[in-house]
Student: 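Pasting a structure here, questions to come.
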Amino acid sequence: MAERTVTIASASGLHARPATIFSKAAGEQPAQVTIEKVGGNPVPAASMLMLMTLGAGNGDQVVLRAEGAGAEESLKALGDLLETDLDADA
């Protein structure tokens, strides 16, 4: 299983608009991806509702894990997305 730790760059964290953008992108990935706050429980990255339960804020570290075909590519795409301020275009 591939893994990547990233820091959330969005000013509002992984809430509302950033969570919507991220969950949509996760659902389009070829691999199954989970996300968790460091030391927390993993949730499906493609579930906006589950993302909201993480309580992940700006500057928090999260761990992405992917399994299946395209796992590394999925982690790169989603990790890069989280390291971008998704609130900047709002």
Student: Would the distance check show the side chain of Arg65 and the main-chain N or O of Ala2 forming a donor-acceptor pair, the cut-off being under 3.5 Å?
Tutor: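 Checking the backbone N and O of Ala2 against the side chain of Arg65, no donor-acceptor pair under 3.5 Å is found.
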Student: Among all residues two or more places apart in sequence or in another chain, which pass the side chain to side chain donor-acceptor pair (under 3.5 Å) test with Glu83?
Tutor: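 Partners of Glu83 under the side chain to side chain donor-acceptor pair (under 3.5 Å) test: Arg4.
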Student: How many angstroms lie between CG in Leu64 and CG in Leu75, if you round to the nearest 0.5 Å?
Tutor: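 Going from the CG atom of Leu64 to the CG atom of Leu75 covers 6.0 Å.
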Student: Might you point out which heavy atoms bring Ala71 and Ala31 nearest each other, and give the distance in Å?
Tutor: CA-CB, 3.7 Å
Student: Write down the atom of Gly57, the atom of Ile8, and the distance for their closest heavy-atom approach.
Tutor: O-CB, 3.7 Å
Student: Using only atom types and a distance under 3.5 Å, with no angle test, would you say the side chain of Asn58 pairs donor to acceptor with the backbone of Ser10?
Tutor: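 Checked: pair present.
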Student: Suppose we screen for salt bridge (Lys or Arg N to Asp or Glu O under 4.0 Å). Which residues come up paired with Glu72, at least two apart in sequence or across chains?
Tutor: none
Student: Using 0.5 Å steps for rounding, measure from the CG atom of Leu14 to the CD1 atom of Ile35.
Tutor: 5.0 Å
Student: Between atom OG1 of Thr34 and atom CD of Glu3, what is the distance when rounded to the nearest 0.5 Å?
Tutor: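 That separation rounds to 9.0 Å.
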Student: Determine whether a donor-acceptor pair (N or O, by modelled atom type, separation under 3.5 Å) exists between the side chain of Ser47 and the backbone of Val43.
Tutor: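 Judged by distance alone, no pair lies under 3.5 Å.
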Student: State plainly whether one hydrophobic cluster holds both Met52 and Phe22, where clusters connect Ile, Leu, Val, Met, Phe, Trp and Tyr through side-chain heavy atoms under 4.5 angstrom apart.
Tutor: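 No, it is not one cluster - the side chains of Met52 and Phe22 are not joined through contacts under 4.5 Å.
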Student: At what distance, to the nearest 0.5 angstrom, does NE2 of His15 lie from CG of Asp87?
Tutor: 10.0 Å
Student: Minimum heavy-atom separation for Leu81 and Ala25, please, with both atom names.
Tutor: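 Heavy-atom minimum between the residues: CD2-CB, 3.6 Å.
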Student: Considering non-hydrogen atoms only, spot the tightest contact between Thr7 and Gly59 and give its length.
Tutor: CG2-O, 3.5 Å
Student: Keeping the roles fixed (side chain from Lys37, backbone from Asp60), state whether a donor-acceptor pair exists under 3.5 Å.
Tutor: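 Absent.
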Student: With a cutoff of under 4.5 Å between side-chain heavy atoms, which Ile, Leu, Val, Met, Phe, Trp and Tyr residues group with Val63?
Tutor: Val38
Student: Is it the case that more than 12 heavy atoms not belonging to Gln32 sit under 6.0 Å from its CD atom?
Tutor: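 Not more than 12 within 6.0 Å, no.
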Student: Check whether any side-chain heavy atom of Val6 lies under 4.5 Å from a side-chain heavy atom of Gln61, and answer yes or no.
Tutor: no
